[in-house]
Amino acid sequence: MLNFIKKNYFIVFVIFSGIPIFFIPTVWDALIFDYGFSTNNLSGTEIFFKNIGSPFQLFFIYLIFFIKKITLIPHEILFDLLTVITLILFSFEIKKYSEIIFKLNNNWSNLCAIFAISFPVWHSLVAFNLGLYLVCFYFVLLGYRLFISESLPIKIIGIIIILFSFSIKSNFSFIIGLCFAHNFRL
């Protein structure tokens, strides 16, 4: 067991970093979502996302709503699960970027991912909108990593994922900075 932990300390750390999210209550903007899920009427939530100009994020609301209906799992748990999975994928992308762009070895890239996942601001991910923002930040990282691949179909998929990430307006600037950092490194 100890040998497994030594070889896979990143995975163990990720699991223990994500567990606390399940015990922190949803705050900030949860009322509009709770009401929609409790009444089985997402019209208020749909209006909210259309008014703030983020209809792409509405897809995740529909997905959680659908899974809740067919499994009867509370939407809070489904949202926390989506958040933890996204946080794990986000830290994995940080690991990949440290290897691809900065040419760090496996130990240093794992350390970068651990710093990313243990960043003290993640407790705010229990706010529904902030969890969806993390999804969009993950998409911009994943999309750019796919875009810099050699395969044309993978590049096109990367561009599409980047376009979905623009649901968060700051990703317009972020992708430019990411391109600049990558090209500067090259």
Side-chain angles (χ1 to χ4, degrees), residues 14-94 116-147 153-179:
V14 165
I15 291 169
F16 287 114
S17 295
I19 289 174
I21 289 178
F22 288 98
F23 297 103
I24 302 172
T26 305
V27 294
W28 186 36
D29 51 9
L31 185 60
I32 196 169
F33 305 112
D34 282 338
Y35 180 77
F37 280 99
S38 299
T39 62
N40 288 327
N41 182 359
L42 295 178
S43 61
T45 307
E46 291 169 347
I47 292 169
F48 173 76
F49 278 108
K50 289 176 183 172
N51 284 340
I52 65 170
S54 297
F56 171 69
Q57 294 176 11
L58 195 54
F59 166 77
F60 294 101
I61 304 295
Y62 291 141
L63 179 65
I64 291 172
F65 189 71
F66 175 74
I67 293 172
K68 177 189 175 200
K69 277 190 156 190
I70 62 172
T71 63
L72 301 176
I73 298 172
H75 62 276
E76 295 92 353
I77 292 176
L78 293 173
F79 170 69
D80 288 345
L81 191 60
L82 173 71
T83 303
V84 168
I85 289 170
T86 305
L87 186 57
I88 291 167
L89 292 172
F90 179 78
S91 64
F92 180 74
E93 284 302 314
I94 298 295
I117 203 167
S118 63
F119 194 63
V121 77
W122 294 140
H123 73 280
S124 65
L125 287 177
V126 295
F128 199 76
N129 270 353
L130 296 180
L132 292 177
Y133 291 171
L134 181 65
V135 170
C136 292
F137 286 130
Y138 165 70
F139 278 170
V140 77
L141 290 175
L142 175 65
Y144 186 72
R145 185 170 59 87
L146 295 176
F147 176 72
I154 300 294
K155 283 181 185 267
I156 292 171
I157 292 169
I159 290 171
I160 292 169
I161 291 173
I162 289 170
L163 291 175
F164 285 138
S165 79
F166 289 156
S167 180
I168 303 299
K169 309 307 183 253
S170 64
N171 280 348
F172 287 110
S173 298
F174 184 58
I175 193 69
I176 292 170
L178 201 55
C179 292

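The analysis underlying the following values was restricted to heavy atoms, covering all of them including side chains, and did not include hydrogens, waters or symmetry mates. Please read these numbers as outputs of a predicted model, since none were measured by experiment.
- Atom CZ of F59 is separated from atom CZ of F49 by 13.0 Å, given to the nearest 0.5 angstrom.
- Taking all atoms of both residues into account, the shortest heavy-atom contact from N171 to C136 is ND2-O, 3.3 Å.
- Contact annotation: the side chain of L141 approaches that of F174 to within less than 4.5 Å [non-hydrogen atoms, C-beta and beyond].
- Taking CZ of F139 as the reference point, atom CG of L146 lies at 11.0 Å (rounded to 0.5 Å).
- Ring pair F37/F65 is tilted by interplanar angle, where 30° to 60° counts as tilted.
- In terms of heavy-atom proximity, I61 sits nearest to L132 at CD1-CD1, 4.4 Å.
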Only pairs under 3.5 Å count here: list side-chain donor-acceptor contacts from residues 154-167, not counting sequence neighbours, and write none if there are none.
unit_1	atom_1	unit_2	atom_2	d
K155	NZ	F147	O	3.3
K155	NZ	S149	O	3.2
S165	OG	I162	O	2.6
S167	OG	Q57	NE2	3.3

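- For Y138, there are no side chain to side chain donor-acceptor pair (under 3.5 Å) partners two or more places apart in sequence or in a different chain.
- With rounding to the nearest 0.5 angstrom, the CG atom of L134 is 9.0 Å from the CG atom of L82.
- For L78 against I73, the heavy-atom pair with the smallest separation is CD1-O, 3.8 Å.
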Audit row: I88, F92, side chain to side chain contact (heavy atoms under 4.5 Å, CB included) steps and yes/no: CA-CA 6 Å; I88 291 167; F92 180 74; 5.6 Å; no
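- Taking CG from L58 and CG from L63, the interatomic distance works out to 11.5 Å, rounded to the nearest 0.5 Å.
- Residue pairs that meet the side chain to side chain donor-acceptor pair (under 3.5 Å) test with at least one member in residues 58-71, sequence neighbours left out, are E46-Y62.
- To the nearest 0.5 Å, the span separating CG on L42 from CD1 on I64 amounts to 10.5 Å.
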